[in-house]
Amino acid sequence: MFEKRNYCGELNASDEGKQVILSGWVQRKRDLGGIIFVEFRDISGIVQIVCDTKESAEMAELMDNIKSEYCLFISGTVRKRADDAVNTNMQTGEIEIFAEKIQILNSSVLPPIPVESDNTVNEDLRLKYRFIDLRRQDMKDAIIARHKVMQTTRKYLSENRFLEIETPILNKSTPEGARDFLVPSRMNKNMFYALPQSPQLFKQILMVSGFDRYFQIAKCFRDEDLRNDRQPEFTQIDIEMSFLTIDMLIDIMEGLVKEIIKKITGTEIVLPFNRISYDEAMNRFGKDAPDMRFGMELTDCTDIFQQSEFKVFSTALENGGIIKAVVFEDGNKISRKITDELAEFVKIYKAKGLPFVKFRDGKLDAGITKFITEEQQKQLIARLDLKDNEIVFFGSDSENIVNDALGSLRLKLAQDFGLIRNDFNFVWVLDFPLFEYDPEEKRYYSMHHPFTMPRTEDLTLLDNINPENAGQIKAQAYDIVLNGVEIGGGSIRISDTKLQNKIFTLLGISEEEAKEKFSFLLEALKYGAPPHGGIAFGLDRIMMILLNKNSIRDVIPFPKTTRGQCLMSEAPSPVSSQQLDELSIKIK
RNA sequence: GGGGUGUUAGCUCAGUUUGGUUAGAGUGCCUGCCUGUCACGCAGGAGGUCGCGAGUUCGAGCCUCGUACACCCCGCCA
């Protein structure tokens, strides 16, 4: 009976008179007495069913029983609707199906959350009853769009000589980086596998093995605290190539992104994307993932306030800090209440306050104006190119705090006052520092990962590294940023054992330690390892932005809560003492 | 680990101003009527552990303390 199935959303006026067979669910029933309309839904869409209950007592009784979300089998005839009965809001609004036979395949209890709704329902209910939530149109659209992106990715990469290769999920724990999820080994007592944070080492090994273009749509796992754009398990489009330059990689990846955008939005984006250095991103936007859809860039004013009577400024400068400014276009919208709120806001980022001045009638006014000399005022007006009614917010502290606070303030103001264009803005961020210095532990950390190739011209600096100049050593690493969200990142890798060992030494990883953790990679690099590099895209984040969602949970079929629980399956859960015994595990 | 917001009918919310009779609305649900609806309409009805636990009080949805859960943010996420 299901063999010759038709799909609700695919029927149209050209099917008039056709006998059709539909299988799906009751979205809504409108009982007008002698005639009943049913909005009938399957994966493809919705079509209206008409039942004449005056003609047949049998049909009348059957229809009386049918309620929302019943699963039905319907055979009937496609009819064109009368002109005044056409529903232009409906894909299939020109037609309806005159039901000849209806069979109830399964009844449904009343769903706890409505299928016909936007996502205003509490998220914990949506997650608990995900099987109902996924029936809703916007979740269905998201899952279908995700499928299309994966298919487009596979097609594009395959056509560009990439091979899809799987790598292990059960792997070795490496304490560098994010916290691992551990899996106890039954056959090897007191030993653990770790779930992969990424297939990093394996894809590099594949390069050594000569599979010179690899990709994988890979699940990755990180046991860290969660956010709206972070899940404990997430999906990467993982890519690695041999014999490449950064320009080659960018070229191929822009092609992939273009295909994805075309598939999902139907629009052609302009290539190439903008490129910006890490340093410039930090200076102009205060973030390494700048949202460049609007202005309000940060301006350094440290030099103007070298001699300042304003204690906040002078103290910051004495401590080696900087002073930067952000200008907002409409000071009239910024009341005393709002400046207080914004001052509270920047404290999240460890700023101590938020001094400001307004610009009216050609001169500074209000806020900290009285602490600024005439000469400084003149310079400031010129530097910031101030226009009437603008308001200037200052950050003065260490460079990190100022960038963090003002970069976040810039975003908040733009969001609160609707200054952000609805657009897809891609930018490559290049020339990341190779290391970060941790003053507390007095050691260097890799900004990307320990296998990242330094810029060739910076190699000599490695021998004289100190906390001051460490930031000048740049990596051949890159991020791709979409609307201020990092959607991908990668690097050219080190393919030389000597250099790799040198980097380990600088990172304070001893020879024994390196051997213990990465010996197979170091060993592999000895056997004619090709120059190689790659990138990984966060599929969930890409989908989130393309579909304009607030959270990656809305593009993942079965996500977890911010405490890492699945409200539907109730994972994680305790296990039996027998299971623990087999693993020789004792619970504290 | 820290900060914030929220939790009242199946769902979405109001009610907390000033603690005070029987806690409301919309929607959904149930029953009846209705042959062109499409957010169908009309009439009637059911539906509440005010997250949970203490406390203050003659009296708590409302005040205090604790706690659970969800979400957002800082830290964390090579």
Side-chain angles (χ1 to χ4, degrees), chain A residues 27-40 46-55 60 64 67-69 79 81-90 92-93 96 98 109-129 132 174-180 197-198 200-201 220-232 234 344-351 401 404-405 408 412 432 434-436 438 444-452 475 477 486 489-491 503 507 509 517-518 536 538 550-551 553 560-563 565 567:
Chain A
Q27 176 98 347
R28 188 177 272 272
K29 182 173 97 172
R30 285 184 290 273
D31 185 347
L32 272 64
I35 188 169
I36 293 176
F37 298 99
V38 173
E39 281 179 24
F40 196 59
I46 293 176
V47 72
Q48 175 167 279
I49 311 289
V50 198
C51 304
D52 190 340
T53 47
K54 269 284 179 325
E55 291 293 303
D64 205 37
K67 293 169 194 169
S68 284
E69 299 308 316
R79 287 202 317 209
R81 297 199 198 181
D83 285 349
D84 60 351
V86 167
N87 184 345
T88 50
N89 298 321
M90 222 174 148
T92 59
E96 62 195 8
F98 183 77
V109 295
L110 185 67
I113 57 174
V115 173
E116 251 185 315
S117 67
D118 43 28
N119 46 13
T120 55
V121 175
N122 269 331
E123 199 170 353
D124 47 348
L125 276 171
R126 293 179 50 208
L127 292 176
K128 180 170 179 188
Y129 300 102
I132 302 297
T174 54
E176 293 275 317
R179 197 177 290 113
D180 283 322
Q197 298 174 27
S198 83
Q200 184 59 37
L201 295 176
C220 304
F221 307 84
R222 293 176 191 176
D223 189 6
E224 295 293 345
D225 285 1
L226 307 176
R227 289 279 195 285
N228 65 343
D229 61 351
R230 284 170 14 196
Q231 282 276 302
F234 60 100
E344 278 307 305
F345 173 78
V346 295
K347 282 180 188 164
I348 298 172
Y349 305 95
K350 304 221 170 72
I401 291 176
D404 216 10
S408 302
K412 180 179 169 56
F432 275 81
L434 187 64
F435 299 120
E436 268 175 308
D438 182 336
Y444 302 98
Y445 283 92
S446 289
M447 194 139 178
H448 186 56
H449 58 51
F451 319 109
T452 304
E486 179 202 328
S491 63
I503 297 290
L507 290 172
I509 301 174
K517 290 176 188 165
F518 314 114
N550 294 321
S551 156
R553 292 185 300 273
K560 299 197 168 43
T561 67
T562 50
R563 285 178 71 244
Q565 298 190 354
L567 296 182

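First the proteins, then the strands, lettered A, B, ... as listed; each starts at 1.
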Practice problem: Mind checking A:Arg227 for me? I need base, sugar-phosphate or nothing, with any heavy atom below 4.0 Å counting as a touch. | Solution: base
Quiz item: Which is true for A:Lys350 with a 4.0 Å heavy-atom rule: it touches a base, it touches only sugar-phosphate, or it touches nothing?
Solution: nothing
Exercise. For A:Tyr445, answer base if it contacts any base atom (sugar-phosphate contacts may also be present), sugar-phosphate if it contacts only those atoms, and nothing otherwise; contact means non-hydrogen atoms under 4.0 Å.
Key: nothing
Exercise. Classify the nucleic acid contact of A:Glu39 as base, sugar-phosphate or nothing, counting any heavy atom under 4.0 Å across all strands shown.
Key: sugar-phosphate
Practice problem: Remember a base hit wins even if backbone is also touched, and classify A:Thr452 as base, sugar-phosphate or nothing at under 4.0 Å, heavy atoms. | Solution: nothing
Practice problem: Could you pull out all residues at least two apart from A:Phe37 that satisfy ring pair (Phe, Tyr, Trp, His ring centres under 6.0 Å)? | Solution: none
Self-check item: Pairing partner of B:rA68 (Watson-Crick or G-U wobble, both distances under 3.5 Å)
Solution: B:rU7
Exercise. Scan A:Gln231 against the nucleic acid and name what it touches under 4.0 Å (heavy atoms): base, sugar-phosphate only, or nothing.
Key: nothing
Quiz prompt | Sugar-phosphate only, base, or nothing, as touched by A:Ala85 at under 4.0 Å among non-hydrogen atoms | solution = base
Using the 3.5 Å cut-off, write out each protein N or O paired with an N or O of nucleotides 5-12 of chain B and the distance between them.
from	atom 1	to	atom 2	distance (Å)
B:rG10	O2'	A:Pro112	O	2.8
B:rU12	OP1	A:Asn122	N	2.5

Quiz prompt | Nearest-Å distance once atom P is located in both B:rA54 and B:rU17 | solution = 24 Å
Exercise. Could you tell me whether A:Phe451 contacts a base, only the sugar-phosphate backbone, or nothing, with contacts defined as non-hydrogen atoms closer than 4.0 Å?
Key: nothing
Quiz item: Any side-chain N or O of A:Arg30 less than 4.0 Å from the OP1 or OP2 oxygen of B:rC40?
Solution: yes
Practice problem: With heavy atoms under 4.0 Å as the rule, sort A:Asn228 into base, sugar-phosphate or nothing. | Solution: sugar-phosphate
Exercise. Between B:rA70, B:rC34, B:rU37, spot the one nearest the side chain of A:Asp31, thanks.
Key: B:rC34
Practice problem: Ignoring hydrogens and angles, answer whether the base of B:rG36 and the side-chain atoms of A:Asp84 contain a donor-acceptor pair closer than 3.5 Å. | Solution: no
Quiz prompt | Set of ring pair (Phe, Tyr, Trp, His ring centres under 6.0 Å) partners for A:Phe221, sequence neighbours left out | solution = none
Quiz item: Under 30°, 30 to 60°, or over 60°: which ring-plane class applies to A:Phe451 and A:Phe518, parallel, tilted or perpendicular?
Solution: perpendicular
Quiz item: Just checking A:Arg126: base, sugar-phosphate only, or nothing, at a heavy-atom cut-off of under 4.0 Å?
Solution: nothing
Quiz item: What is the minimum heavy-atom distance between A:Gly93 and A:Arg81, and which atoms define it?
Solution: O-NE, 3.3 Å
